[in-house]
Structures are given as structure tokens and as C-alpha cells.
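Take a look at the structure set out below.
Protein chains get the first letters and strands the later ones, always in sequence-line order, with residue 1 at the start of each.
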Amino acid sequence: MSEPSTTPDTRPVRVRMAPSPTGPLHIGTARTSLYNYLFARHVGGTYVLRIEDTDQARSTAEYESDIIDNLHWLGITWDEGPQVAGGDDRGEDGPYRQSQRWDLYALEAQRLLDAGLAYHCWCTPDELDEVRRQQERDHQPPRYNGRCLNLTDADRAALEAEGRKPALRFRVPAEKVTFDDLIRGEVEFDNSLLGDFVIVRADGVPLYHFVVVVDDEAMLISHVIRGEDHLSNTPKHIALIRALGYTEPRFGHIPLILNSDRSKMSKRKSQTAITAYREQGYLPEAMVNFLAFLGWSPGTEEEIFTLEELAARFDIGHVHKAGAIFDQDRLDYLNGVYIRHLTDEQLALRLRPFLPSALDDSSVLRVVPLVKERLVRLADAVELVAFLTETDDEVASRYDPEQLVPKGRSAADAARALELAVAVLSPLTDDDFAADVLESRCRNAAEEAGWKPGDFFRPLRVAVTGRTVSPPLFGSMELLGRDRTLARLEAALRRLGALEGSPA
RNA sequence: GCCCCCAUCGUCUAGAGGCCUAGGACGCCACCCUUUCAAGGUGGAGAUCACCGGUUCGAAUCCGGUUGGGGGCACCA
């Protein structure tokens with residue numbers, strides 16, 4: 001087994017995140033980005049963002065924007081790459097989109113070809129498929145059989161004459177490869193099991209395993225921190241690094257985020273797009289805190305950390321080896337914690353985009369104290385305050401005698417409670433219509449009627465909000481205002497009256 | 001199939017040979033508070049540290065094997 005020609009650790013710390021814009025920012029990519037960010041910030045290194053868009057057929061500008069926007073949303077910033085700090089591309093080693101770096105790849109591919117370390121391959125997909133199937137039948141590792149390695153010049157000329165374009169295959173040295181993973185320690189692979197792999201497609205497009213190695217060298221990356229799904233690909237990269245005479249970076253493979261069935265987290269089984277969580281009103285602070293703890297902990301019992309605190313504490317050596325299931329309940333809990341930590345003004349600002357524009361800014365601010373302790377996600381506020389923007393008729397259409405009437409009471413009882421409420425509230429002016437006044441009047445009325453407050457309030461709540469679950473009743477009435485509150489109480493009363501008039 | 005990685009309550013985790021009759025948090029259950037729902041408070045159930053062997057005076061922690069799970073093996077990334 002051969003040793004790398006250059007020692008790692010001689011470079012200043014530079015890490016990179018290399019998302020592929022073939023889909024919206026994925027939870028797993030976000031977490032890998034976060035760990036790279038924390039690692040870089042912890043040691044004062046440089047963080048590079050590189051867009052891996054060699055697969056032009058699947059990459060789109062929309063996905064690239066989604067990835068960049070959501071990374072920004074999470075608070076993750078990079079020193080070099082596209083839209084640094086939300087502005088222009090910046091950095092000395094750009095461009096930072098692989099689709100703009102093809103000259104470099106072509107040059108490096110030619111070097112390998114000239115040195116005899118790579119060769120043209122004319123095999124068709126069908127032929128390769130057949131070989132693979134045969135190998136499976138023979139219980140052999142599926143790998144390229146080296147057919148085009150032994151072509152004569154005449155063979156080659158004949159194939160070229162047919163007008164066929166060759167792919168370029170890397171000639172993998174049959175040797176054992178060892179590396180010291182930052183998280184897993186010493187790992188050994190036998191590259192003789194690998195088979196020569198394609199590094200440039202027949203149409204001239206360079207492939208991932210090749211470009212990742214070329215770019216990491218060109219961008220002087222010192223530590224490659226990525227998902228465990230790349231662990232088995234690392235020996236390929238190391239073989240390429242050696243063939244090209246590059247410096248071998250340190251590798252660190254972080255555990256995967258898992259579906260509840262412990263398979264790699266996927267769109268099929270989980271919600272994987274960061275955007276989706278953002279749209280439901282998860283806070284970026286909660287998301288970051290949650291993601292950081294999926295595979296890492298500071299080794300104490302503290303669990304609420306800001307991004308800055310995480311960067312100060314983060315230690316790659318404490319990252320777990322085993323995968324972690326994405327636990328929605330825990331995310332929900334953390335999100336609630338972060339929502340409650342916000343000031344009313346901050347929460348109002350965050351809630352603004354989720355609430356209807358019919359609710360003006362000052363109303364949003366007034367609504368905050370009523371909903372703050374009840375929110376898991378920001379979007380939950382929509383249903384909680386819907387009674388404010390719904391018309392009286394819309395609310396009335398929700399009235400259901402089952403809900404209007406408290407357990408163990410009759411419709412007549414419920415009507416009586418509504419009548420009493422109207423009686424004690426209607427004398428109030430609009431200015432006097434404040435929660436504490438409303439509450440004391442209604443409590444007195446309940447007491448005089450011999451009702452438990454909870455039972456008495458039930459028909460009022462349903463009348464005013466159209467729902468059995470609502471923000472605190474009297475604060476809700478205050479926000480609604482005198483006239484609308486009374487109109488709804490009376491509408492509910494009519495509903496109950498109609499009920500009594502009809503046969504049970 | 002081949003190669004590699006992994007293994008502490010349902011889940012996220014603490015644990016770096018004695019501090020562990022295994023701690024915290026989420027979730028769950030009960031009670032308290034209470035105008036609904038939440039939030040908050042108190043308490044509880046929940047892990048023979050996957051299994052088997054070894055090393056050691058002593059192992060959740062070190063070693064080997066077994067089992068189970070996962071990942072990778074593309075002219076995708």
C-alpha cells in the first residue's frame with residue numbers, strides 16, 4: 001500500500017460545501033453545510049461554496065437559488081463562492097460553478113490520458129449492462145471488465161471510423177488504500193475490487209468523482225467533510241488525487257440523517273426540503289439548533305444554542321458515527337422554545353408574512369400575546385386568529401349545537417348563558433371593551449347564575465370564534481371589538497333559538 | 001452478491017475502564033395550575049448499554065466473533 005506523496009495538515013483550513021442544484025436544499029445537505037460551517041468558524045478557517053452543476057440535464061437555476069436562499073436563511077455564510085453575503089460572487093479560486101470550469105477539467109483529463117493513467121472506452125451502455133448482469137450471476141463485484149484497455153490501435157481506428165465517441169476511464173491502481181477519517185479513524189479499502197470508472201462521458205461532460213477531486217485541489221481544500229454515503233467513494237478520490245499528483249485533504253464522513261425506518265432520509269419517506277419547513281414557520285434558529293444535535297452534542301446537558309455558540313463549541317471529534325433519525329417531535333418542541341424566546345415585537349415581524357393582509361401591523365402586534373404560547377410553527381397562528389378576519393356570517397356558519405352547548409347542559413342553558421353575556425356586555429362602550437372588564441363581568445354573571453366559569457364560557461367562545469379551541473376568550477373579544485362580539489353572541493343565540501323551535 | 005461503516009430508553013443524546021444499581025431532553029402517562037387549547041410546575045413508566053466470548057482486580061467504555069441495521073458498488077451527485 002502506498003502513502004500519499006504529500007502530507008495533509010500543511011494547508012490552512014479551507015472547507016467547502018458542494019451542493020448539486022438538482023433539487024431544493026435538502027435537510028441532509030443543510031446539515032452537512034452546517035457542520036462544515038461550524039468546523040470552519042471554530043478554527044477561523046475559510047468556507048467555500050461550490051455549485052456542482054456538471055449534470056446540466058438535472059441542474060436548474062431555480063434550484064441553485066433555492067439552495068443559496070435557504071442557506072442564507074439558516075444564517076450560514078461563506079467566504080468564497082456565489083453570492084457571498086447575499087451579494088456578488090467572490091473569491092480568488094472561482095468561478096464557483098462547475099459548469100464554468102470545464103477548461104480545467106479538460107486539461108486535467110488530458111494529463112491523465114497522456115500519462116497513460118486513463119484510457120478511452122467505447123463500450124455502449126447495453127454492453128456494460130450485460131457485463132454487470134453476468135457479474136451479478138457469478139457473484140462478482142460489479143465493475144468494469146477492462147475490455148477497452150486492451151484494444152489495438154486498429155480496433156480503436158475502426159471504432160473511431162464508425163463515428164463513435166469514447167468515454168474516458170480512469171485506470172484504478174490495484175492497491176489497498178488507507179486513510180484516517182476525522183470521525184471514523186483508520187479505514188481501509190481494496191481498490192483492486194473497484195474497476196476502472198468513467199471520469200468523462202462520451203459527450204465530453206466530466207463526472208462527479210473526477211471534478212470533485214480537481215476542484216478541491218484547485219480551491220486548496222484542506223478538509224473534506226461530507227455525508228457518510230461518500231465513505232465508499234473516498235478510495236476512488238484518493239486514487240485520482242495520487243494519479244494527478246495532488247495533496248490529499250483530510251476526510252471526515254458524518255453520519256446520515258435517517259427516515260423513521262432508519263434508511264437514508266429521502267423525499268419519498270420524509271419532508272426533506274428546507275423550504276417546506278420554512279414555509280410552515282419553523283424558525284431558522286430552531287432548525288440550526290436541531291440539525292446541529294443530529295449527530296453531535298457538546299458533551300453537556302445544555303441543549304439550546306445559537307449558531308455562534310455552536311461554532312464556539314463545535315468539535316468534529318465529538319461527531320457521532322451512527323446515523324440519526326429525524327425526529328419531528330423534537331424539532332416542534334425546539335421551535336416552540338424559540339418562538340417563546342422572541343419578544344412580542346420580534347414575533348410580530350416573523351408572523352407578518354403568514355397572516356392575512358387584512359390584519360394590519362398593529363393588530364398583528366396585539367395578537368401576539370394571545371398566541372405566543374400556543375404556537376408550534378408560525379403558520380399555526382393562521383387558524384388561531386382566523387376568527388378576526390372572518391366575517392360574522394362565516395363564523396356563524398360554523399356554529400354547531402354540539403359545540404355551542406357544554407357537556408351535561410341543554411340548548412336552553414347555553415342560550416341563557418349567551419343572553420346573560422349580552423346583558424352584561426352590551427352596556428359597555430367600545431372604549432371600555434377591555435379583556436379584564438369583560439372577564440370580571442362574565443365571571444360575575446356566571447357566578448350569579450350558579451355556573452362553573454368553564455361551562456359558562458364555552459358557548460361564548462364558540463359564538464365569538466366559531467371554534468372550541470381558541471386564544472384566551474376575553475382577549476379575543478377585546479380584539480374583535482364591542483359590536484362584532486355582540487353581533488356574534490346574538491347570532492349564536494338565534495341559532496340556538498331556531499333549534500329549540502324545532503322538534504328534538 | 002461484493003466492499004465499507006455502525007450498534008446506550010420509542011427518539012435525540014451524556015458516557016473517553018472504577019464518579020453508572022447508566023444522566024438529560026423530546027415523546028408518553030398521572031397530578032397541579034387553568035376559561036378551551038397551549039404554556040408552566042411536580043412526579044412516573046421507559047435501556048438486562050444488540051448478543052456471545054476475551055482482556056482486566058474492575059467494561060456501556062478495550063479486543064474478537066455473531067446478529068441486526070445502514071451506505072456504496074452508474075457515461076447521477
Side-chain angles (χ1 to χ4, degrees), chain A residues 18-23 52-55 57-59 121 123-125 128-129 132 135-144 165-169 181 183-184 187-190 193-195 197-203 205-209 211-212 227-236 253 255-256 258 260-264 290 293-303 317-318 320-334 336 340 371-376 380 384 439 442-443 446 452-458 460-462 465 467-474:
Chain A
S20 184
T22 53
E52 308 235 323
D53 59 349
T54 53
D55 187 344
R58 293 197 301 148
S59 300
C121 172
C123 296
T124 64
L128 295 171
D129 256 20
R132 219 184 328 274
Q135 284 166 336
E136 261 170 46
R137 281 193 292 273
D138 296 345
H139 305 297
Q140 292 296 310
R143 61 183 147 165
Y144 184 60
K165 294 281 188 205
L168 188 65
R169 266 184 204 279
D181 192 275
I183 292 155
R184 280 146 224 287
V187 182
E188 182 182 283
F189 286 89
D190 184 355
L193 267 24
L194 227 45
F197 56 92
V198 172
I199 56 176
V200 182
R201 291 198 321 212
D203 62 4
V205 174
L207 260 20
Y208 171 77
H209 295 305
V211 298
V212 74
E228 194 196 337
D229 44 353
H230 280 303
L231 189 62
S232 312
N233 291 325
T234 305
K236 287 181 189 170
H253 291 92
L256 263 19
L258 276 22
S260 50
D261 64 1
R262 295 215 153 265
S263 57
K264 180 165 80 164
F290 172 72
F293 274 70
L294 239 39
W296 176 82
S297 101
T300 65
E301 285 177 358
E302 304 158 274
E303 52 185 7
H318 267 80
H320 277 206
K321 295 176 180 171
I325 292 174
F326 186 96
D327 181 5
Q328 178 91 28
D329 282 339
R330 196 174 176 83
L331 207 213
D332 286 350
Y333 160 76
L334 272 177
R340 278 172 251 126
V371 300
K372 196 177 198 174
E373 289 179 351
R374 274 158 258 268
L375 298 179
V376 171
D380 295 342
L384 276 175
E439 177 165 359
C442 288
R443 276 188 190 284
K452 280 195 296 186
D455 285 351
F456 190 83
F457 297 161
R458 163 96 177 198
L460 310 194
R461 181 186 311 282
V462 174
T465 67
R467 293 156 175 85
T468 54
V469 172
S470 80
L473 218 209
F474 304 105

Counting only side-chain heavy atoms from C-beta out, which of U35(B), G24(B), G27(B) sits nearest to Tyr333(A)? G27(B)
Ile325(A) side, atom CD1; Asp327(A) side, atom CG - distance, nearest 0.5 Å: 8.5 Å
Rounded to whole Å, how long is the line connecting atom NZ of Lys321(A) with atom P of G15(B)? 13 Å
Residue-phosphate contact under 4.0 Å: His318(A) side-chain N/O, U13(B) OP1/OP2: no
Searching all strands shown, indicate the nucleotide that pairs with C76(B) (Watson-Crick or G-U wobble; both distances under 3.5 Å). none
N-O pairing of Glu228(A) and Lys264(A) below 4.0 Å: no
On a whole-Å scale, what distance lies between the C1' atoms belonging to U8(B) and U55(B)? 22 Å
Paired with C20(B): which nucleotide, if any, by Watson-Crick or G-U wobble criteria at under 3.5 Å for both distances? none
Are there any protein N/O atoms within less than 3.5 Å of an N/O atom in nucleotides 69-76 of chain B, and if so, which ones and at what distance?
from, atom 1, to, atom 2, distance (Å)
G71(B), OP1, Lys264(A), N, 3.0
G71(B), N2, Ser232(A), OG, 3.1
G72(B), OP1, Lys264(A), NZ, 2.8
C73(B), O2', Pro142(A), O, 3.1
A74(B), OP2, Arg132(A), NH1, 3.4
C75(B), O2, Ala202(A), N, 3.0
C75(B), N4, Cys123(A), O, 2.5
C76(B), OP1, Arg201(A), NH1, 3.2
C76(B), OP2, Arg201(A), NH1, 3.4
C76(B), O2', Asp55(A), OD2, 2.7
C76(B), O2', Arg58(A), NE, 3.3
C76(B), O2', Arg58(A), NH2, 2.3
C76(B), O2, Arg58(A), NH2, 3.3

In the strands shown, is C26(B) matched to any nucleotide by a Watson-Crick or G-U wobble pair with both distances under 3.5 Å, and which? G10(B)
Residues at least two apart in sequence or cross-chain that pass ring pair (Phe, Tyr, Trp, His ring centres under 6.0 Å) with Phe326(A), listed by chain then number, are Tyr277(A), Phe290(A)
Please determine whether a side-chain nitrogen of the Lys or Arg among Arg458(A) and Asp455(A) lies less than 4.0 Å from a carboxylate oxygen of the Asp or Glu. no
Compare the minimum distances between each of G15(B), C12(B), C6(B) and the side chain of Ala322(A), then state the nucleotide with the smallest one. C6(B)
In whole angstrom, give the distance that lies between atom CD of Glu373(A) and atom P of U34(B). 15 Å
Report the base-pairing partner of U48(B) (Watson-Crick or G-U wobble, both distances below 3.5 angstrom), or none. none
Pull out every protein N or O sitting under 3.5 Å from an N or O of nucleotides 28-33 of chain B, one pair per line with the distance.
none

Counting only Watson-Crick pairs (N1-N3 plus N6-O4 or O6-N4) and G-U wobbles (N1-O2, O6-N3), all under 3.5 Å, who is the partner of A59(B)? none
